[in-house]
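Notes for the one structure printed next.
Below, chains carry the letters A, B, ... as their sequence lines are ordered, and counting in each starts from 1. We use all heavy atoms of the structure for the numbers below, so side chains are in, but hydrogens, waters and symmetry mates are not. The structure displayed is predicted, hence computed values, not measured ones.
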Number of protein chains: 2
Amino acid sequence: MPAAFSVEPRLSATAEEEAYRHLQRALRLGRYKPGDRLIPEEIAAEIGMSRMPVREAFRRLASDGLVVLRPNRGCVVAGLTVDELYEIFEIRSVLEGLAVRLAMPRIDEEALEEFENLLDRMERAGQSGSSDWVIRHQEFHGRICALSRRPKLIHQVSALHVVIEPYMRIWFDDADKPLSAREEHAAVIAALRSGDARHAEEVMQDHILGTAPMLAEFVSASR
Amino acid sequence: MPAAFSVEPRLSATAEEEAYRHLQRALRLGRYKPGDRLIPEEIAAEIGMSRMPVREAFRRLASDGLVVLRPNRGCVVAGLTVDELYEIFEIRSVLEGLAVRLAMPRIDEEALEEFENLLDRMERAGQSGSSDWVIRHQEFHGRICALSRRPKLIHQVSALHVVIEPYMRIWFDDADKPLSAREEHAAVIAALRSGDARHAEEVMQDHILGTAPMLAEFVSASR
DNA sequence: AAAAGTATTTTTGTATCCACGTATCATAAA
DNA sequence: TTTATGATACGTGGATACAAAAATACTTTT
């Protein structure tokens, strides 16, 4: 018998990378709740490595704002206050607004068609629960941002989407599913079609700031 | 977490924290050049600790964009292309614009006086070389941001100032010192005095986007 | 019951070892 | 001279064991 059951080969990713992905995924899905303690040894055992790469992953997650690392008191899952949630939407509004403005020169018929397809997919995914919808929603916003061709901007926006993801899920699952979502996003596409970069920026800002209160209100009620 | 003009109190000094501060400071001052390799052992010896906390500090610095960490190839000092420098100024423009808009309700005569004092100090610091001027400049922008009372926004803006700091120093030292700086910043104060939040936001955006080409052009010439 | 002191647990940092990927450089082949 | 090839040195990533420091829990005493 060949070495079929020898030691699992670490293919491309480092252990730290694996720990980071593992934890980020769990946190995005809401598997841990705010305030939960993350014990390096446990996590390490869970994914079959030592605590060292896990601790390094903690640092990155802390930079992303997904966990809080307090000296000598370990790692706890970060939660967002309503104010913080609001703040993130404020930041998103200007960043994604900027992205739309910068993307405008590259918006052509093809791109617009893609966005409408994504909108349809988002709609359909909405039937089957929060998980798919949230992903499609991120995809919609992400594709628009991508056309700005600004790597750092894209990255920052993406990071913000990750942080609010658990709350989007709760919102989508427990509240009535965002009814206005389709029209809101259709309005963004319409603004993109107009060709007016400043106008599209404004519409995107309004869209994002408009959804913030609904989500914030709901989240504050559900605790 | 970068802390150019952060308000966070220093809790306790872990070794990782010390390594992070040490390296961030060195990178901000331009003690290392883009592409330089940072060898954990060396740095660890330099500040009297082992490799581990240094490596953890690397992760944070990488999240901040100050270094690049490639698997099995260690840690190298990040450099910004002209495009990236531009991008950061674009992001700064909307973030600091937002900060000004949100700060407006808290702008009173006292605040305006403080800003004018800071402007004077910046001017005076300009005589004595880049080091003081850059710090004062960050302080000026930082104090305005602080009035927005948005911790995450403040933090992100601060992080961006850290990343561009070495380039600001080069610019200030080697180019003619930014002559228009005083008027530019005075214009921002004037806009704040007007009480019109949207107008002030726009002035701040223009100020930031206006300085970008000068710096970018100079940096691209000096390599 | 409150305070003080002691023990225990947890976190953090150190030291050491090893496997593996990368880079360097000399040598061989084209 | 250029291009492959291969040996070798080096650094990184990771594991493990251990020590120290801080926080927490637990007594004991007043």
So which nucleotide from [options] ends up closest to the side chain of [X]?
| X | options | result |
| --- | --- | --- |
| B:A15 | D:dT12, C:dG13, D:dA22 | C:dG13 |
| A:R37 | C:dT10, C:dT22, C:dG13 | C:dT10 |
| B:S50 | C:dT22, C:dA15, C:dT12 | C:dA15 |

Considering every strand and a 4.0 Å limit on heavy-atom distances, what is the contact class for A:P40: base, sugar-phosphate, or nothing?
nothing

Give A:R55 one of three labels, base, sugar-phosphate or nothing, depending on what nucleic acid heavy atoms sit under 4.0 Å from its own.
sugar-phosphate

Is any NZ, NE, NH1 or NH2 atom of the basic residue among A:R150 and B:E87 found under 4.0 Å from an Asp or Glu carboxylate oxygen of the other?
no

Ion pair present between A:R60 and A:E56, side-chain N to carboxylate O less than 4.0 angstrom?
no

Answer yes or no: side-chain N or O of A:R51 and base N or O of D:dG14 forming a donor-acceptor pair under 3.5 Å.
no

Would you say the side-chain atoms of B:R106 pair up with the backbone N or O of B:L147, donor to acceptor, closer than 3.5 Å?
yes

In this structure, how many angstroms lie between the [atom2] atom of [N] and the [atom1] atom of [X], rounded?
| X | N | atom1 | atom2 | result |
| --- | --- | --- | --- | --- |
| A:R60 | D:dG13 | CZ | C1' | 14 Å |
| B:E42 | D:dG11 | CD | P | 8 Å |
| B:I43 | C:dG13 | CD1 | P | 17 Å |
| A:E16 | D:dG13 | CD | C1' | 10 Å |
| B:E41 | D:dG14 | CD | C1' | 14 Å |
| B:E56 | D:dT12 | CD | P | 16 Å |
| B:N72 | C:dG21 | CG | C1' | 5 Å |
| A:R73 | C:dT11 | CZ | C1' | 12 Å |

Give a yes/no answer on whether the side chain of B:T14 brings an N or O atom under 4.0 Å of OP1 or OP2 in C:dG13.
yes

Modelled atom types, side-chain donor and acceptor of A:E96 and A:H161, under 3.5 Å
yes

Using the ring of B:F58 (Phe, Tyr or Trp, six-membered ring only), decide whether B:R55 places NZ or CZ under 6.0 Å from its centre and within 45 degrees of its axis.
no

Nearest nucleotide by nearest heavy atom, which residue falls closer to the 5' end of DNA chain C, A:I39 or B:M52?
A:I39

